[in-house]
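Here's a structure for you.
No experiment lies behind these values; they were computed from the predicted model shown. Within every chain, numbering begins at 1; the chains are lettered A, B, ... in the order of the sequence lines, protein sequences first and strands thereafter.
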Amino acid sequence: MSDDILKENEESKPSVSFIEQFIIEDLKAGKNSGRIHTRFPPEPNGYLHIGHAKAICLDFGMAQKYGGKCNLRFDDTNPVKEEVEYIDSIKEDIHWLGFDWEDREFYASDYFGKLFEFAIDLIKRGLAYVDDQPADVISAQKGTPTRPGTESPFRRRPAEESLNLFYRMNEGEFEEGSRVLRAKIDMTSPNMHMRDPIIYRIIKSSHHRTGSKWNVYPMYDFAHGQSDYFEGITHSLCTLEFEVHRPLYDWLVDHLKTDDYRPRQIEFNRLNLNYTMMSKRKLLELVQEGKVGGWDDPRMPTLCGLRRRGYTPESIRRFVDLIGYTKVEAINDVSLLEHAVREDLNLRAPRVFGVLDPLKVIITNYPHDKVENVEILNNPEDESMGTRMVPFCNEVFIERDDFMENPPHKFFRLAPGAEVRLKGAYIIKCESFKKNEITGIIEEVHCTYDPATRSGGDASGKKVKGTLHWVSARHAVDAEVRLYDRLFDHEDPAGQKDDDYRSFLNPDSLKLLKGCKLEPSLGSAKPLDKFQFQRLGYFCVDYDSKPGQMVFNRTVGLKDTWAKINK
RNA sequence: UGCUCCGUGGUGUAAUUGGCAACACGUCUGACUCUGGAUCAGAAAAGUCGAGGUUCGAGCCCUCGCGGAGCAACCA
């Protein structure tokens, strides 16, 4: 750790999070030889969601910023809940977010041997004992947060006896639940976690990495701090709910360590988003019950879901950066997340024409057999993205709600007698329209165009208020478009009584649109390609898309002041 | 009636560690615009949960309240 990095970072940013301040202080004080080493420790029991992104950005981000390293460590101490399926997805999502653990992919299960030895050592030192009581008795003896616990009758069992039993537990001699290993700390501690916590339990299921080698498995508390210690972690960053575990973390590390080095646990606030549910268990239920299409359903807060929705890693990192790290239990506004994607995509997404709800416009004075290619800027924010040619002819589709038979005040779009510009082409005037007498649906709009108003060479001096996007009817590519809205219509779907989050599922969270008309250049777009459909929003190609059967997802709409005026 | 943590515009965060409460999102104006987008300019919005105390001076330190969260899994 060089002073340069410290100095440089101090000057570059006006304020840093309290965690970063701790890190800077530790580095300055030369703690742990002045190095920083973090870890990201997911349990492989589900897919990563945006809450994990917050942790990932901190763990990898701090290491990166201060010249340190960050390990990936799978916290796989409970074989009954964990599956290999999740490991690959977790790795993919971290890489996608833009971070890399290099060759430091570790597993808590790598340390089962060392952990077992440490447990034996504690037993020998009289700091751990085997308890033969069933779970409910142990639980009752723990007391409550307001009443101290009472000691187990097995607490004073000779170390030799505990040792013998612990070995036999691991050999598979005893049933699950019949015995546990407990640390001998303090049954009257005001901190429940210090009341002789269980550190090992018997589990006979096969483990995804160690198979049937072990019959006893360490609890989270008995694995985490020690794993940090084994890996040389200096800053062990985790969420607020582990705050009360810290004394136990420290107790275990203190009894394990043989030198000056020690990892430090620091807690920060978890990411909460309104209208969103972050619980892995409940997200799994949504998947299993078919309430969503899968873990990567574009309405899910999972990283794979957001990716499929069209979110960029940059936008997620930016969002995480905007919300910061504190100790306040904050509920963040989804609109900030949406702002972050818009901000990113605005600079990078090519503009294209797509008509979601087509209405045919016939330009009666335009030659029937003529086709012109008009040149259109791909991105006014970035001229280096160039231009493209878009075919124009006498029949085009416009958006159905861009025409009104009886327009209200301040409607700048097409209406009988009104003039608008077809972006990149000509100004047209609505002369008449065809309406189905029975259904009342407008079937066609008949317009005339003014040849003198061609974009780029308009010498007519005409000014119109409205500019519409359009697609040539003879060249359009057909597509399905999926419009997404928030999955829940309650601000805090998971925070209500019982598990009735299901009743807050938004029935309109997915709108399937078929027969949408897109400009021909979109026919060759690949999954995850991102575009701005001009005047509508940002869209990306879905995995379900095939040549000839394009499928697009709406990532997020554009800000729409007109919609707001009319709400 | 235990322990731990947290209370700053609607939301999320700042405040050079005791010195004029700032920024972003959102909201609302106006300008510009061949996207009712973007951009630009501006406005409204908290006097920092409350009451005391220390101090020339408190969002920051102290005391007592009030409110919220976490902790009683052989989960992580």
Side-chain angles (χ1 to χ4, degrees), chain A residues 14-15 17 21 41-43 45 75-78 80-82 108 131 134-135 138-140 142-149 176-182 189-195 197-203 216-217 219-221 223-224 238 240-247 267 269 274 280-281 319 322-340 342-343 346-347 351 353 376-377 379-381 410-413 420-425 427 453 455-456 458 463-469 532-537 557-565:
Chain A
S15 75
S17 73
Q21 290 182 38
E43 183 185 17
N45 69 343
D75 225 327
D76 56 348
T77 56
N78 187 351
V80 310
K81 287 174 62 185
E82 295 144 12
D131 196 328
I138 291 178
S139 168
K142 275 219 164 146
T144 70
T146 54
R147 270 202 322 276
E176 285 188 15
S178 63
R179 267 169 252 260
V180 290
L181 185 68
R182 294 228 255 167
S189 169
N191 183 336
M192 297 289 292
H193 296 275
M194 299 299 272
R195 324 242 260 229
I198 292 168
I199 55 178
Y200 260 99
R201 77 288 213 193
I202 301 169
I203 297 175
V216 291
Y217 290 88
M219 299 284 290
Y220 162 84
D221 281 311
H224 205 94
C238 62
L240 249 26
E241 66 270 27
F242 291 101
E243 209 151 23
V244 283
H245 293 244
R246 197 185 336 139
E267 310 85 10
N269 61 348
N274 56 11
K280 267 201 234 176
R281 196 200 87 225
F319 169 67
L322 286 169
I323 62 176
Y325 299 88
T326 68
K327 304 189 76 160
V328 184
E329 301 204 31
I331 297 164
N332 296 280
D333 208 315
V334 266
S335 65
L336 190 60
L337 215 210
E338 292 175 345
H339 160 77
R342 285 198 193 97
E343 184 182 56
N346 178 41
L347 300 175
R351 316 287 132 124
F353 290 161
I376 294 179
L377 213 49
N379 189 345
E381 302 294 317
K410 281 203 159 184
F411 184 78
F412 302 149
R413 288 116 95 149
V420 294
R421 174 172 292 282
L422 293 179
K423 188 172 171 66
I427 289 178
T453 58
S455 291
D458 188 342
K463 284 276 178 192
V464 289
K465 278 287 232 177
T467 301
L468 306 186
H469 63 280
Q532 183 195 95
F533 286 10
Q534 208 131 92
R535 300 209 301 135
L536 298 176
L558 253 26
K559 277 200 220 161
D560 189 347
T561 10
W562 173 247
K564 209 177 284 176
I565 293 166

P gap between B:rG18 and B:rG57, integer Å: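 Those two atoms are separated by 16 Å.
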On a whole-Å scale, what distance lies between the P atoms belonging to B:rC74 and B:rA69? 24 Å
Decide yes or no for A:Asn346 and A:Glu381: does some side-chain heavy atom of the first lie under 4.5 Å from some side-chain heavy atom of the second? yes
B:rA24 versus B:rU63 - spacing of their C1' atoms, nearest Å: 36 Å
Between B:rG47 and B:rA21, how far apart are the P atoms? Round to whole Å, please. 13 Å
Stems field, RNA chain B, Watson-Crick or wobble, 3.5 Å, at least 3 pairs, by first number, holds B:2-7 with B:66-71, B:10-13 with B:22-25, B:27-31 with B:39-43, B:49-53 with B:61-65
Could you list all N or O pairs between the protein and nucleotides 30-35 of chain B that sit under 3.5 Å apart?
| unit_1 | atom_1 | unit_2 | atom_2 | d |
| --- | --- | --- | --- | --- |
| B:rC34 | O2' | A:Lys423 | NZ | 3.2 |
| B:rC34 | O2 | A:Gly424 | N | 3.1 |
| B:rC34 | N3 | A:Ser455 | OG | 2.3 |
| B:rC34 | N4 | A:Arg421 | NH1 | 3.1 |
| B:rC34 | N4 | A:Ser455 | N | 3.2 |
| B:rC34 | N4 | A:Ser455 | OG | 2.2 |
| B:rC34 | N4 | A:Gly456 | N | 3.4 |
| B:rU35 | O2 | A:Gln532 | OE1 | 3.1 |
| B:rU35 | O2 | A:Arg535 | N | 2.8 |
| B:rU35 | N3 | A:Gln532 | OE1 | 2.5 |
| B:rU35 | N3 | A:Gln534 | NE2 | 3.4 |
| B:rU35 | O4 | A:Arg351 | NH1 | 2.2 |

Any ion pair linking A:Lys327 and A:Glu243 (charged N to carboxylate O, less than 4.0 Å)? yes
Side-chain N or O of A:Lys564 less than 4.0 angstrom from OP1 or OP2 on B:rC28? yes
According to a strict under-4.0 Å criterion, is A:Lys559 in side-chain N/O contact with OP1 or OP2 of B:rA38? yes
Under 4.0 Å from OP1 or OP2 of B:rG12: is there any side-chain N or O of A:Thr326 that close? no
Does A:Asn191 put a side-chain nitrogen or oxygen below 4.0 Å from OP1 or OP2 of B:rC71? no
Heavy-atom closest pair (A:Met219 atom, A:Ile198 atom, distance to 0.1 Å) is CG-O, 3.3 Å
Residue set satisfying side chain to side chain donor-acceptor pair (under 3.5 Å) with A:Ser17, at least two apart, ordered chain then number -> none
Quick check on B:rC75: is either OP1 or OP2 less than 4.0 Å from any side-chain nitrogen or oxygen of A:Arg281? no
Has A:Ser139 got a side-chain N or O lying under 4.0 Å from the OP1 or OP2 atom of B:rA73?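 Yes, such a contact exists.
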